[in-house]
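To keep things clear, I will list the structure first and then write my remarks on it.
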Amino acid sequence: MSRSSPLPAELDILIIGAGSAGVSAARRLTGAGLSFALLEARQRIGGRAHTLEHRLVAHRQGSQEVGLDMGCGWLHSADENVLTDVGREAGFTIDETPPPWNRPALDIGLTASEAKDFQAAFAAFDERIEEAAALGDDGPASARFAPADEPESRWTPHIDAISGALNGARFADVSTRDYDAYRDTGVNYRVKEGYGRLIAALGRDLPVILDCPVTRIDRTGPRLIVQTPRGAISCRAVILTVPTSLIGQEAIRIDPPVPALIEAAQGAPLGLASKVHMTVEKPEDFAADSQVWGRTDTAQTAGYHLRPFGRPMIEAYFGGDLAWGLEAEGEAAFFDFAASELSNLLGSSFRRRLAQVATSIWGAEPWSRGAYSHCLPGHFGAREVLRQPVENRIFVAGEATAPAFYGTCHGAWMEGERAAVEALVAMGIDPRETGGYEEA
């Protein structure tokens, strides 16, 4: 199917959203003998996994087409990530170069000694979080910046800046228990052609109808009636894979409403992480795949991935309050901020070596309204509530419902499979006897 495909009048299962979770759910349903389709509000497959194609002109190397990931870009916990092998099997290049946060550019910004001190401070913070979570503390993670009755260290602002990257929000807005629940094996790979390209490729042969947002799910009758601007679809079950921001703000209205679902979505909102891809002249001045932060004395700073994949580029990363504030000023504000920070580090003339290529604006994008989820203090149980089926016929899935791999593309993928299996069971079908692409 495509953007121009007519809407089917009736289906067994309707999947709302063709991001990672939706594509995964659809692949799992393939071969089950049921009629299904995916409705996607955007004009593309992938959701918050989105790769832009860019013709990069490199000095002495001619030009080449490269993929720039505007959303998710890392196969986190790659040694356990189901998409690592799926990507290889689909013919994509899995790059195993260590991530830049493991290779700080010590000749810019921090010295080796300072970098060691910061790593020790962050490790101690993580230990305090783990101890507090084990005691059931669901308060703000920021309460653990320092041991009780001790002053905060000089590294507290930088730790909070890292939270912008990890959570899309400052630690004051992050549940201690939820932060502790995240699973990270420390192995991180990339898809060289682009993570968004991989998800789009995995959904290419599925029955996707693009440019078709859902406005309402009517659950008053024996069959669900899903309303769109292009008409209505009657179905036995829905797999809802949209971000919590849309559920919590009732951008897709469920009638009658489900207060527990809305409250859970509001308790696990999306934070914001934004990117600016820039080209840089004389890239040989920097080590490939290294990183520097603009400042370490404030959370209002960005991280800079120098020469990703060895390219003559810099990928700037903004999170939390900084990202929301710059987004409110407009796209140009991101590049201006990055150029100013880098010039402060590398000299006033450095701005002239930079050129903006692409900027992500996920907060203003109507079908995302943010980047990835975090549980607010006091709302650790929100993800589990989101996973509970409504009347055993509305199944919610996405990165926000992942217990340990939340905030990731593969977490969403695994949750899409989980929801598809639950829908099959609800219809009296043994998932082990279906011919889906993957086993849940």
Side-chain angles (χ1 to χ4, degrees), residues 46 48-76 92-109 164-165 188-198 273-294 301-319 322-323 326-327 331-362 371 409:
R48 286 167 280 168
H50 180 40
T51 303
L52 287 182
E53 294 185 9
H54 173 67
R55 178 164 289 279
L56 179 64
V57 179
H59 181 60
R60 297 177 183 174
Q61 298 176 10
S63 64
Q64 59 175 319
E65 289 289 340
V66 298
L68 304 178
D69 276 319
M70 306 308 297
C72 54
W74 289 91
L75 289 155
H76 293 300
F92 284 76
T93 306
I94 306 301
D95 184 274
E96 299 184 13
T97 302
W101 53 88
N102 288 345
R103 191 181 184 188
L106 297 177
D107 54 335
I108 308 171
N188 298 275
Y189 298 159
R190 287 172 292 177
V191 183
K192 187 171 184 179
E193 295 83 359
Y195 214 153
R197 281 181 178 168
L198 170 59
S274 303
K275 295 181 182 180
V276 175
H277 293 274
M278 303 171 283
T279 55
V280 59
E281 295 180 0
K282 296 192 291 184
E284 60 275 7
D285 288 349
F286 313 110
D289 285 304
S290 60
Q291 184 186 60
V292 66
W293 283 84
T301 186
Y304 301 92
H305 183 172
L306 308 176
R307 296 180 60 196
F309 297 105
R311 297 167 182 165
M313 301 189 75
I314 296 175
E315 183 178 344
Y317 200 96
F318 310 79
L322 174 61
L326 291 174
E327 189 172 286
E331 183 175 326
F334 286 96
F335 176 73
D336 184 65
F337 187 96
S340 295
E341 280 210 315
L342 289 170
S343 294
N344 288 337
L345 286 171
L346 300 165
S348 58
S349 64
F350 191 76
R351 177 184 290 264
R352 295 195 293 270
R353 293 170 59 180
L354 299 171
Q356 182 178 0
V357 174
T359 304
S360 65
I361 307 288
W362 290 107
C409 190

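Since the model is a prediction, treat every value here as computed from it, not as a measurement.
Residues H50 and D69 have side chains that never bring a donor and an acceptor to within less than 3.5 angstrom of each other.
To the nearest 0.5 Å, atom SG of residue C409 and atom CZ of residue R48 are 9.5 Å apart. Here the CD-CG distance, from E65 to L56, works out to 9.5 Å after rounding to the nearest 0.5 Å. In this structure, CH2 on W293 lies 11.0 Å from CH2 on W101, to the nearest 0.5 angstrom. Here NE2 of H305 is found 9.5 Å from CZ of R311. Values are rounded to the nearest 0.5 Å. In this structure, the separation between OH on Y317 and NE2 on H277 is 10.5 Å, given to the nearest 0.5 Å. Rounded to the nearest 0.5 angstrom, L342 CG and Y304 OH are separated by 5.0 Å.
Here the closest heavy-atom approach between residue L52 and residue A358 is recorded as CD1-CB, 3.8 Å. Scanning all heavy atoms of the two residues, the minimum distance from F318 to F334 falls at CZ-O, 3.5 Å. The two atoms that bring P283 and P312 nearest to each other are CG-CB, 3.5 Å, heavy atoms only.
Not one N or O on the side chain of R307 forms a donor-acceptor pair closer than 3.5 Å with the backbone of S290. Remark: side-chain polar atoms of W362 are paired, donor with acceptor, to backbone N or O of M70 under 3.5 angstrom. When atom types are taken as modelled, the side chain of K275 and the backbone of G71 share a donor-acceptor pair closer than 3.5 angstrom. Between the side chain of S274 and the main chain of A323, no donor-acceptor pair closer than 3.5 Å is present. With hydrogens and angles ignored, the 3.5 Å screen pairs no side-chain donor or acceptor of D289 with any backbone N or O of P99. With hydrogens and angles ignored, the 3.5 Å screen pairs a side-chain donor or acceptor of R103 with a backbone N or O of A288.
Contact annotation: the side chain of F337 approaches that of L322 to within less than 4.5 Å [non-hydrogen atoms, C-beta and beyond]. At least one side-chain heavy atom of E193 sits under 4.5 Å from a side-chain heavy atom of T93. Proximity of F350 to L345: side-chain heavy atoms (C-beta onward) are nowhere separated by under 4.5 Å. Residues P100 and E315 are not in side-chain contact: their nearest non-hydrogen atoms beyond the backbone lie 4.5 Å or more apart. Residues V276 and Q356 have side chains in contact (heavy-atom distance under 4.5 Å, counting atoms from C-beta outward). Here the side chains of V191 and I94 are in contact, with some heavy-atom distance below 4.5 Å.
For CZ of R55, the number of neighbouring non-hydrogen atoms (other residues, nucleotides, ligands) closer than 6.0 Å is greater than 12.
The salt bridge (Lys or Arg N to Asp or Glu O under 4.0 Å) check on R353 picks up D285, with sequence neighbours excluded. Taking the side chain to side chain donor-acceptor pair (under 3.5 Å) definition, one finds that N188 meets it with H76, sequence neighbours left out.
Every pair passing salt bridge (charged side-chain N to carboxylate O under 4.0 Å, His left out) that includes a residue from residues 336-351 is listed here, sequence neighbours excluded: D336-R351.
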Under the side chain to side chain contact (heavy atoms under 4.5 Å, CB included) rule, what do F309 and V66 come out as? Steps first, then yes or no, please. CA-CA 10 Å; F309 297 105; V66 298; over 6 Å; no
